[in-house]
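Please read the structure below before turning to the comments.
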Amino acid sequence: MFETLTAPEVDKIIRLMGMFRDDPREDKVDLGVGVYKTPEGRTPVMRAVKAAEELVWQAQDSKGYVALAGDPGYLAAMRALIFGDAVAANRIGAAGTPGGTGAVRQVLEMVKRLTPEATVWVSAPTWPNHPAIISYLGLEMREYRYYDSETGGLDRASMMEDLAGVAPGDLILVHGCCHNPTGVDLDLEDWRAIGELCLDRGAVPFVDMAYLGFGDGLEEDAAGLRLLAGMVPELLLAASCSKNFGLYRDRVGIAMAMGADAERALAAGGMLAWLNRQNFAFPPDHGARVVQTILDDADLTEMWRSELREMRERMAANRRALVAELRQVTGSDRFAFLGTQKGMFTLLGATPAQVDRLREEFGIYLVGDSRINVAGLTDANIPVVAKAVAEVMR
Ligand SMILES: Cc1ncc(COP(=O)(O)O)c(C=O)c1O
């Protein structure tokens, strides 16, 4: 069976993590992997999570199976967090998944079964797992232009020009907020334009919400999705609690399908639960229960919101500090775009050779497409990073 098998190539980010770990330089800087970090370089367990875990530990008297879709209380709490009151709760079917990646996979599995001829339109660039899963499932994929590397902003006209090519039943995959890897988000007018296009063409929006609360705030970051949900009859959503609850390894996610009415939503939710059964049966419960415990308790919610605010503000402050430092060392506003973007990521615009040089010569680790994680910046390393970037990208 394995005679002709060769090991698959290691994922580039995983490889980068290994290289960083093995680098003996004390002043090395990790701007690669997409996890939040404190100024001390730690990815902490949030205080609200610790407190909720204690409550769960005290109250839980069984580890018996829950349900194929996960706990209904978790599904309801997540629906309220993400959709607010933008649409009636009974129009949304949902199932818990192992992380946001699991949610993306389950949503696309559903599409593969229901509309196998659909093309999935993804932004150029996008999170590499999107094309990987789409291709693995044998779905058609097309890119729409999104990022303008000249301005570091949205290439709005090209995006709409490309999306004009969608056919009925096609999926438009949109990042809910804090676009990975560009940090460039849609404004409300863009969301509206995509909603109108979906209505006009019969396309279905698929929103990937992996960084809710990392941009401008929980409500602000959900505003585009909510606007869109209020416009269209059907919408798909994958959400992750990895980043905003810091629950990375506990694998907490949710797949949601908004239908035209309660009956359709029930059917779609049932299908998501059935797909869970085929792939892994029951979704992980521990992290989902922690999220539910936080969201169902006013004090814990307040604690969590304030920690999330702290993280968001730190990332925004890091962006501003890096922009200021780069302005000083380059004597130009060439990197000002960094300050206008949201969330953890930005593309510096360095070539692969320049990315290699930053790593080899300066011990600064970033992903090959020059994506940096701004949470990896600190007061101490910002001057070092800015100087190296200015030197290498001269
Ligand atoms: C755009 C996007 N979607 C989904 C995910 C899913 O993350 P996880 O599976 O860790 O919850 C990520 C994480 O990097 C992401 O960037």
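Counting convention: from 1, in listed order, for ligands and their atoms alike. Hydrogens, waters and symmetry mates are skipped; everything else that's a heavy atom, side chains included, is used. Nothing here was measured: the structure is a model prediction, and the numbers come from that model.
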Distance filter under 4.0 Å to [X] heavy atoms, resulting ligand 1 atoms:
| X | value |
| --- | --- |
| Ser240 | 7 (O), 8 (P), 11 (O) |
| Ala210 | 2 (C), 3 (N), 4 (C), 5 (C), 12 (C), 15 (C) |
| Arg251 | 8 (P), 9 (O), 10 (O), 11 (O) |

request  = Flag the pair Glu189 and Arg192 as a salt bridge only when some basic side-chain nitrogen lies within less than 4.0 angstrom of an acidic carboxylate oxygen.
outcome  = yes
ask   = Does Glu109 pair with Arg105 as a salt bridge, N-O distance under 4.0 Å?
value = yes
[atom]: which protein heavy atom is closest, and how many Å away?
| atom | result |
| --- | --- |
| atom 8 (P) of ligand 1 | Ser242 OG, 3.4 Å |
| atom 9 (O) of ligand 1 | Thr101 OG1, 2.5 Å |
| atom 13 (C) of ligand 1 | Lys243 NZ, 3.4 Å |

task = Inspect the surroundings of CZ in Arg113 and state if more than 12 heavy atoms from other residues, nucleotides or ligands are less than 6.0 Å away.
result = no
key: N or O contact, Gly100 vs ligand 1, cut-off under 3.5 Å   = yes
key: N or O contact, Asp208 vs ligand 1, cut-off under 3.5 Å   = yes
request  = May I ask you to identify, for Tyr248, whether its side chain, its backbone, both or neither come under 4.0 Å of ligand 1 on a heavy-atom basis?
outcome  = neither
inquiry  = Testing the 3.5 Å rule here: is there a donor-acceptor pair between the side chains of His179 and Gln341?
reply    = no
request  = State yes or no: do Val66 and Val252 share one hydrophobic cluster built from I, L, V, M, F, W and Y residues joined by side-chain heavy-atom distances below 4.5 Å, directly or via other members?
outcome  = no
Heavy-atom side-chain proximity of Leu75 to Arg79 below 4.5 angstrom = no
request  = Decide whether a cation-pi geometry holds between Lys28 and Phe20; the criteria are a distance under 6.0 Å from NZ or CZ to the six-membered ring centre and an angle within 45° of the ring axis.
outcome  = yes
